Amino acid sequence: MTRAFAARFYDLATHRSGSHVLRALLSCLAGRDVAPSGGGGGGGGSAASMDGSAALRATRRKASGGHANGPAPVAGLASKVQAVVLPGGAQPAPPAAAHPALIRTLAHALLAPDYAPWLEELAYGPYSGPAVQALMRAAVGDEGTLLALIPRLLGSPLVPEGGDLPRDGARLAAIPRDTILAAARDRAGSHLLEAALAVAPRALRVELDARALRGRLADLAAHPTANFVVQAALAASDSAPAVKGALKELGPVVGELLAGRRGGVVAALVAASGRVPALPAEVAASVAAGLASARPHPAGLAAALVTLDSQEPGVDPAGADRLSPVGCALLASLLRLPAPLSAGPPGGAGTPSSRGAGAAFGEALASLPSPTLARIAADSAGSRAVEALFSGAALGLKGTRSAAARLLGHLPSIAATPGGVHAVEAAWAAAKPADQAAMSAELAAAAGHLGTAFRTLALLRKVGADGGWRGGGGTKRWGGVGGGAVAAPS
């Protein structure tokens with residue numbers, strides 16, 4: 001079947017329905033979902049290019065208040081601000097494909113001389129583009145295939161039969177810089193570059209960054225389409241020199257990016273800086289200065305971020321119709337920044353501070369009035385920031401415990417929302433024992449009104465507020481820790 005698909009790759013990829021079939025086959029061969037996400041701007045394309053599984057996930061997110069399988073930030077942003085990183089800044093090894101030889105068969109079909117005139121159409125087409133991106137994702141782990149495929153898709157000329165492939169550092173030499181920059185500013189081209197940056201072997205990714213992006217990051221970050229490419233480049237950065245270079249270019253324009261609704265770039269920059277020990281304090285200071293100049297808020301830094309998308313600067317978060325998903329994701333990244341190192345003895349290592357580099361943002365969030373903090377914790381986007389407040393290092397042990405206690409009296413209203421469940425769980429875990437007991441009692445008293453969603457039941461069990469299911473006849477009832485029983489909601 002794979003050989004038949006390879007022989008008809010162009011026909012399938014450019015067909016409205018055939019593209020979905022090809023992407024489904026690639027997911028099967030890879031053993032994981034490799035279809036581009038159906039999210040907006042930089043996620044993977046228009047409704048026309050959204051596959052069935054992506055549409056289903058989007059529907060579930062909408063129905064559950066922004067959550068498909070648990071709370072999640074903005075579509076497309078989560079992977080850029082919450083990437084898993086191993087000690088030392090290295091990225092984890094990608095999972096091996098289930099059938100790499102068959103994926104290679106499809107990739108080599110595109111590399112054949114017969115396809116040379118059609119590669120640009122395939123890479124940028126409304127239906128074929130997502131299929132080509134899926135092929136790149138499926139080939140992760142096969143460096144040889146990716147080193148041959150990605151430069152060709154970006155515009156590198158065909159290597160004559162028997163000729164030597166360019167070596168590391170020169171694989172993109174034949175592609176004019178303006179060609180790659182034009183692709184970054186094109187909707188379809190930006191999707192292609194995002195996928196390439198996410199899966200390219202390190203040497204090729206470094207070359208792409210050095211040849212095309214470095215020195216132009218500020219201009220690209222301000223562009224409505226190219227900013228997603230910058231986010232992808234930051235998410236893939238795994239070396240101190242690359243992140244330091246990005247911070248040097250983007251740090252001075254953080255305020256302009258926030259004012260221009262490019263908070264996703266700033267969030268990706270913060271997440272990348274958190275992987276380099278010397279940079280968290282510097283990036284936190286850049287964001288604070290940028291907010292002070294572009295989006296000052298009378299309630300402080302945290303309020304400015306959670307209302308970042310508001311048309312009225314200075315709006316009260318408690319009264320806002322919705323909180324900013326990007327601003328909340330940025331706040332969560334700042335709160336998770338590690339503690340900066342204090343100066344050590346000459347030639348020796350410094351010692352980490354007791355509070356994280358995002359301490360100023362943590363203090364601003366924790367000092368908001370309790371009803372406002374509860375409103376943020378119950379929001380699908382804000383819950384991530386509150387969760388980071390309690391699970392991160394921003395405030396240190398004493399400050400985190402004090403902030404957790406401020407949610408007492410508001411826990412049932414928070415836990416009644418999908419995202420709030422996670423915020424309550426993090427607050428309970430961070431609280432001191434006496435406050436944990438008070439939280440458990442408060443949740444137990446309201447257990448019958450919190451619903452029977454899996455995450456809700458798991459929360460109640462974790463905090464000891466479930467009392468177990470008790471039933472007589474055909475009716476199940478809750479037995480709370482206080483000994484009373486209330487009818488379970490239907």
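Bear in mind that the values here come from a model prediction, so they are computed numbers and not experimental data.
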Let me confirm one number: the [atom1]-[atom2] distance from [X] to [Y], rounded to the nearest 0.5 Å.
| X | Y | atom1 | atom2 | result |
| --- | --- | --- | --- | --- |
| Leu250 | Leu234 | CG | CG | 6.5 Å |
| Leu335 | Leu389 | CG | CG | 6.0 Å |
| Leu257 | Ser286 | CG | OG | 11.0 Å |
| Leu110 | Phe9 | CG | CZ | 4.5 Å |
| Leu291 | Phe361 | CG | CZ | 5.5 Å |
| Leu330 | Leu305 | CG | CG | 5.0 Å |

Q) Just wondering, are more than 12 heavy atoms of other shown residues or ligands nearer than 6.0 Å to CZ in Arg177? A) yes

**Q.** Over 12 foreign heavy atoms within 6.0 Å of CD, Glu121
**A.** yes

[X] versus [Y], closest heavy-atom pair with distance:
| X | Y | value |
| --- | --- | --- |
| Ile103 | Ala138 | CD1-O, 3.3 Å |
| Arg275 | Ser237 | NH2-O, 2.9 Å |
| Val276 | Pro280 | O-CD, 3.0 Å |
| Ala221 | Val230 | N-CG2, 3.8 Å |
| Ser239 | Arg202 | CB-NH2, 3.2 Å |
| Ala304 | His297 | CB-CB, 3.6 Å |

Are [X] and [Y] close enough that some pair of their side-chain heavy atoms sits under 4.5 Å apart?
| X | Y | answer |
| --- | --- | --- |
| Leu193 | Ile180 | yes |
| Arg262 | Pro224 | yes |
| Leu217 | Leu213 | yes |
| Leu204 | Leu172 | yes |
| Val283 | Leu269 | yes |
| Gln133 | Pro36 | yes |
| Leu331 | Arg384 | no |
| Ser324 | Arg261 | no |

Taking [X] for its side chain and [Y] for its backbone only, find out whether a donor-acceptor pair lies under 3.5 Å.
| X | Y | answer |
| --- | --- | --- |
| Thr307 | Ala303 | yes |
| Glu207 | Arg171 | yes |
| Arg336 | Ser391 | no |
| Ser190 | Arg187 | yes |
| Thr179 | Ile175 | no |
| Asp11 | Arg8 | no |
| Ser128 | Thr14 | no |
| Thr417 | Gly420 | yes |

**Q.** Arg205 with Asp209: basic N within carboxylate O range, under 4.0 Å
**A.** no

Q | Ionic contact status for Asp33 with Arg137, cut-off 4.0 Å | A | no

Q) Looking at residues at least two apart in the chain, or sitting in another chain, which of them share a ring pair (Phe, Tyr, Trp, His ring centres under 6.0 Å) with Tyr10? A) Trp118

Q. Ser333 and Leu337: side chain to side chain contact (heavy atoms under 4.5 Å, CB included), yes or no, with the steps?
A. CA-CA 6 Å; Ser333 292; Leu337 286 175; over 6 Å; no

Q: Just do the side chain to side chain contact (heavy atoms under 4.5 Å, CB included) check on Val287 and Val266 with the steps written out, would you?
A: CA-CA 8 Å; Val287 176; Val266 182; 3.8 Å; yes

Q: Could you please spell out the steps behind the side chain to side chain contact (heavy atoms under 4.5 Å, CB included) verdict for Val424 and Glu387?
A: CA-CA 8 Å; Val424 171; Glu387 185 182 354; over 6 Å; no

Q.
Does Glu282 form a salt bridge (Lys or Arg N to Asp or Glu O under 4.0 Å) with Lys244? I'd like the steps, not just the answer.
A. CA-CA 10 Å; Glu282 185 177 344; Lys244 288 180 179 178; over 6 Å; no

Q. Mind checking what makes side chain to side chain contact (heavy atoms under 4.5 Å, CB included) contact with Ala377, not counting sequence neighbours?
A. Val386, Ile414, Ala423

Q. Which residues pass the side chain to side chain contact (heavy atoms under 4.5 Å, CB included) test with His223, sequence neighbours left out?
A. Arg185, Thr225, Ala226

Q: Only pairs at least two apart or in different chains count here, so list each salt bridge (charged side-chain N to carboxylate O under 4.0 Å, His left out) that has a residue in residues 248-259.
A: Arg214-Glu249

Q.
Once salt bridge (charged side-chain N to carboxylate O under 4.0 Å, His left out) is applied, what residue pairs with a partner in residues 306-323 remain, sequence neighbours excluded?
A. none

Q. Side chains of Arg23 and Ser27: is there a donor and an acceptor less than 3.5 Å apart?
A. no

Q: Determine, step by step, whether Leu106 and Leu29 satisfy the side chain to side chain contact (heavy atoms under 4.5 Å, CB included) criterion, reporting the C-alpha distance in whole Å, the side-chain angles of both residues, the deciding distance to 0.1 Å, and the verdict.
A: CA-CA 11 Å; Leu106 290 168; Leu29 296 179; 4.0 Å; yes

Distance-only donor-acceptor pairs under 3.5 Å for side chains of residues 141-155, two or more places apart:
residue : atom : partner : partner atom : Å
Asp142  : OD1  : Thr145  : N            : 3.3
Asp142  : OD1  : Thr145  : OG1          : 3.3
Asp142  : OD2  : Arg104  : NE           : 2.8
Asp142  : OD2  : Arg104  : NH2          : 3.3
Asp142  : OD2  : Thr145  : OG1          : 2.7
Arg152  : NH1  : Ser156  : O            : 2.6

